[in-house]
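Taking it in order: structure first as structure tokens, then the write-up.
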Amino acid sequence: MESKEAPRDFIRKIIDEDNKSGRFGGRVHTRFPPEPNGFLHIGHAKSICLNFGIAKEYGGLCNLRFDDTNPLKEEQDYVRAIEEDVKWLGFDWEDRLFFASDYFGKMYEHAVQLVKAGKAYVDDLTADEIRDYRGTLTTPGRDSPFRNRSADENLNLLERMRAGEFADGAKVLRAKIDMAHPNLNMRDPVMYRILHAKHHNTGDKWCIYPMYDWAHGLEDSIEGITHSICTLEFEDHRPLYDWYLDALGVYHPQQIEFARLALTYTVMSKRFLLQLIEKGYVRGWDDPRLPTLRGLRRRGYPPTAIRTLCERIGVAKVNSTVDIEFLEHCVREDLNKTAPRFSGVLRPLRIVIENYPEDKMEEFEAVNNPEDPAAGKRKVPFSRVLYIEQEDFMENPPPKYYRLAPGREVRLRYAYLITCKEAVKENGNLVELRCTVDPDTRGGNAPEGRKVKSTLHWVSAAHAVDAEVRLYDKLFTVPDPLAQEGMDFKDLINPKSKEVITACKAEPAVRGLKPYDRFQFERIGYFCVDPDTTNDHLVLNRTATLRDQWAAIQERGQSGK
RNA sequence: AGCCCCGUGGUGUAAUGGCAGCAUAAGAGGCUCUGGACCUCUUGGCAUCGGUUCGAAUCCGGUCGGGGCUGCCA
């Protein structure tokens, strides 16, 4: 089963060791534990792929568990959205959908156990006082004056906390560890706070809610998780995770921390994404420029490509930033193999084939996907008046430009070889091209010995479908918008991150497309149908451009090289 | 400042005591009815100093550098 040289990341190595030693009886059981207080992004995707991926590889299980311990921040709507996004990414938790709030009862019983054992106490200090007593990074903290209450008194107080006798913030339950511990997390951490708030799941049943550290290990323990994988910032919390579980003497999973995903030219944290949305820089959580799963979906990124990326970037403990080009590469690679091809002209230039009859129409056969013969073929209509891309004609072409120019012959893909006879202008503006076809080149085949340097895409004017196309590009102008000294990241938004063009022309076959369908406009890029599309208005999103050597040549020319 | 974690091509990662590999990016060429895809080649890396060893990216120590931690958030 194990392929011989498959590189193993440090997490899989730990699991291999545990399986060898029989630590968890050979079981592997992970979990993805989002807090339902926002939408998932590609950083979460890394964690999802890791947790579900590992479970699958080892023949184990992965739970979807909502870590809903803070009623002030969490909403039912997010639960539904997160479930949807995890499914879209391609993972299945089967019947293992859990909520931390399902365990509030058990958690409380365990808290009582700790109180009875003299390992937890009720503290009357205010939040400010607790902070003050905690000490600093370099100085030890001081014991709370309430630290040595008797177990009976603590028990009584805890019960009254639960019963709702006290106001928010009046008291907390704390673990009794060590106020001088060099790890601040161990200086008598808060286990329960009083919050008279309605919880999305438990309603008004509780008015005390568990803190993350107290809750999380217990959730893992209750579910029989073997490896509790989380991000690096919880490394300092592991001693506490271990302390709680040891103090309780319950089943004890292994917490493992890895570095979260960061990408260039974007921001990932909910806080910054929210700013972009609330200030109107983007249209919502599903804006195609955002790294949210919903944004990527609307942009046309296939979930398989996102999974491929997550596999390839690996897992480690170094903080690193993946180049967004790498994501785009995975997307292009995926779409190249799967996306059907169509012809579409973004910025139309009208051309008239002078020696082609006005009332004539032919159909040519076009390959749907050269990478996938099973995708079949389709017919595309050809007639006297066509559209080609404005970029595909130059009156005075520079040396390496080998598209259409006056007097030059090129191929119209699948159709004919044509020659440009005249560029017609009005007031100095190019309005149309007069061209001729060589009837002997029907189907686009050049007679023996004749070569044309370029093949252009085209659309028959009489048969064209109009479309609005939204061109997307990198959200920011710099790789790390948050690291620019003295600059608000919002001022670094790429003004060209979204450009809308409206007079686009596509071949008739695009009429069969549905929202979110992905395809390629040959020679242009990958696109998908935006859900804004209506019966008489087609809206397309550009997912990614094709790699473009000509653009690279131009760029180099401009940079003076 | 105290505690914890981490330093391998531009970027992301392998190799765990024995020739530093892969992917991506970049450059050159080939092929092509998409200047796409594909194929070939090239450039480029073990933070640093010392120790152990026949031999160190790997083990040990120092230095330097990066990150995290002082919520009744997760």
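For clarity, every value in this text was computed on a predicted model and none was experimentally measured. Below, chain A is the first sequence line, B the second, and so on; all start at residue 1.
Using a 4.0 Å heavy-atom criterion, one finds that A:Y209 contacts no nucleic acid atom at all. A:R332 comes within 4.0 angstrom of nothing in the nucleic acid, heavy atoms only. Within 4.0 Å of A:Q520, counting heavy atoms only, lies at least one base atom of the nucleic acid. Here A:Q549 lies in heavy-atom contact (under 4.0 Å) with sugar-phosphate atoms only. Contacts of A:P370 with the nucleic acid, taken as non-hydrogen atoms under 4.0 Å apart, include base atoms. Contacts of A:K13 with the nucleic acid, taken as non-hydrogen atoms under 4.0 Å apart, involve only primed sugar atoms and P, OP1 or OP2. Note on A:T264: nothing from the nucleic acid sits closer than 4.0 angstrom, heavy atoms only. Base contact: A:K400 has a heavy atom under 4.0 Å from a base atom.
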When you check every protein heavy atom under 4.0 Å of nucleotides 68-74 of chain B, what one-letter string (B, S, -) results, 5' to 3'? BBBSBSB
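Whole-Å rounding puts the A:E235 CD to B:G66 P distance at 19 Å. Between the CZ atom of A:R312 and the P atom of B:C22 there is a distance of 15 Å, rounded to whole Å. When rounded to the nearest whole Å, the span between CZ of A:F10 and P of B:U16 equals 17 Å. In this structure, CZ of A:R547 is placed 16 Å from C1' of B:C31, rounded to the nearest angstrom. One atom, CG of A:L456, and another, P of B:G36, lie 14 Å apart when rounded to the nearest Å. The nearest whole Å value for the distance from the CZ atom in A:F326 to the C1' atom in B:U24 is 5 Å. Rounded to whole Å, atom C1' of B:G12 lies 14 Å from atom CD1 of A:I324. Spacing between atom CZ of A:R523 and atom P of B:G36 amounts to 11 Å, rounded to whole angstrom units.
Distance check on atom C1': B:C22 versus B:A14 gives 7 Å, rounded to whole Å. If you take atom P in B:C39 and the same atom in B:G45, they sit 26 Å apart, rounded to whole Å. Between B:U70 and B:A56, the two C1' atoms lie 40 Å apart (nearest whole Å). Taking atom P on both nucleotides, B:U48 is separated from B:U11 by 15 Å, rounded to a whole Å. Taking the C1' atom of each, B:A1 and B:C60 are spaced 27 Å apart, rounded to whole Å. Comparing the same atom, C1', in B:U8 and in B:G65 gives a spacing of 15 Å after rounding to whole Å. Atom C1' of B:A74 sits at a distance of 15 Å from the matching atom of B:G68, rounded to the whole Å. Separation of the C1' atoms belonging to B:A57 and B:U53 is 15 Å when rounded to the nearest angstrom.
Taking the six-membered ring for Trp, A:F342 and A:F521 have ring centres at least 6.0 Å apart.
More than 12 heavy atoms of other shown residues, nucleotides or ligands fall within 6.0 angstrom of atom CD in A:E83.
The cationic atom of A:R65 (NZ for Lys, CZ for Arg) does not lie both less than 6.0 Å from the six-membered ring centre of A:F98 and within 45° of the ring axis. In this structure, A:R162 satisfies the cation-pi test against A:Y108, with its NZ or CZ atom closer than 6.0 Å to the six-membered ring centre and inside 45 degrees of the ring normal.
Distances shown here put every side-chain N or O of A:K317 at or beyond 4.0 Å from the OP1 or OP2 atom of B:U13. Taking 4.0 angstrom as the limit, A:S320 places a side-chain polar atom (N or O) nearer than this to OP1 or OP2 of B:U13. For B:U24, the OP1/OP2 oxygens have a side-chain nitrogen or oxygen of A:H329 closer than 4.0 Å.
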Could you go through A:W550 and A:Y402, starting from their C-alpha distance and side-chain angles, then the distance that decides it, and tell me whether this counts as ring-ring contact (aromatic ring centres under 6.0 Å, His included)? CA-CA 10 Å; A:W550 169 240; A:Y402 41 82; 7.6 Å; no
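Across all strands shown, B:U8 forms no Watson-Crick or G-U wobble pair with both distances under 3.5 Å. The partner of B:U32, taking Watson-Crick or G-U wobble pairs whose two distances both stay under 3.5 Å, does not exist in any strand shown. Searching all strands for a Watson-Crick or G-U wobble partner of B:C3 with both distances below 3.5 Å returns B:G68. Across the strands present, B:C59 finds its partner in B:G51; the criterion is a Watson-Crick or G-U wobble pair with both atom distances under 3.5 angstrom. Base pairing analysis places B:G27 opposite B:C41; the two distances defining the Watson-Crick or G-U wobble pair are each below 3.5 Å.
In this structure, a donor-acceptor pair under 3.5 Å is present between the side chains of A:K270 and A:N37. Residues A:H200 and A:E74 have side chains that never bring a donor and an acceptor to within less than 3.5 angstrom of each other. Side-chain atoms of A:Y103 and A:E223 include a donor-acceptor pair closer than 3.5 Å.
Ring geometry, A:F66 versus A:F99: the interplanar angle falls under 30°, so the pair is classed parallel (tilted spans 30 to 60°).
Heavy-atom nearest nucleotides on RNA chain B were determined for A:Y414 and for A:E325, and the one closer to the 5' end corresponds to A:E325. With the nearest nucleotide of RNA chain B identified for both A:W550 and A:R238, A:R238 has the one nearer the 5' end.
Scanning atom types as modelled, one donor and one acceptor separated by under 3.5 angstrom connect the side chain of A:E371 and the base of B:G36.
In this structure, B:G71 is classed as syn because its glycosidic torsion stays within 90° of zero.
A distance-only check finds a donor-acceptor pair linking the side chain of A:N369 to the backbone of A:K337 [under 3.5 Å].
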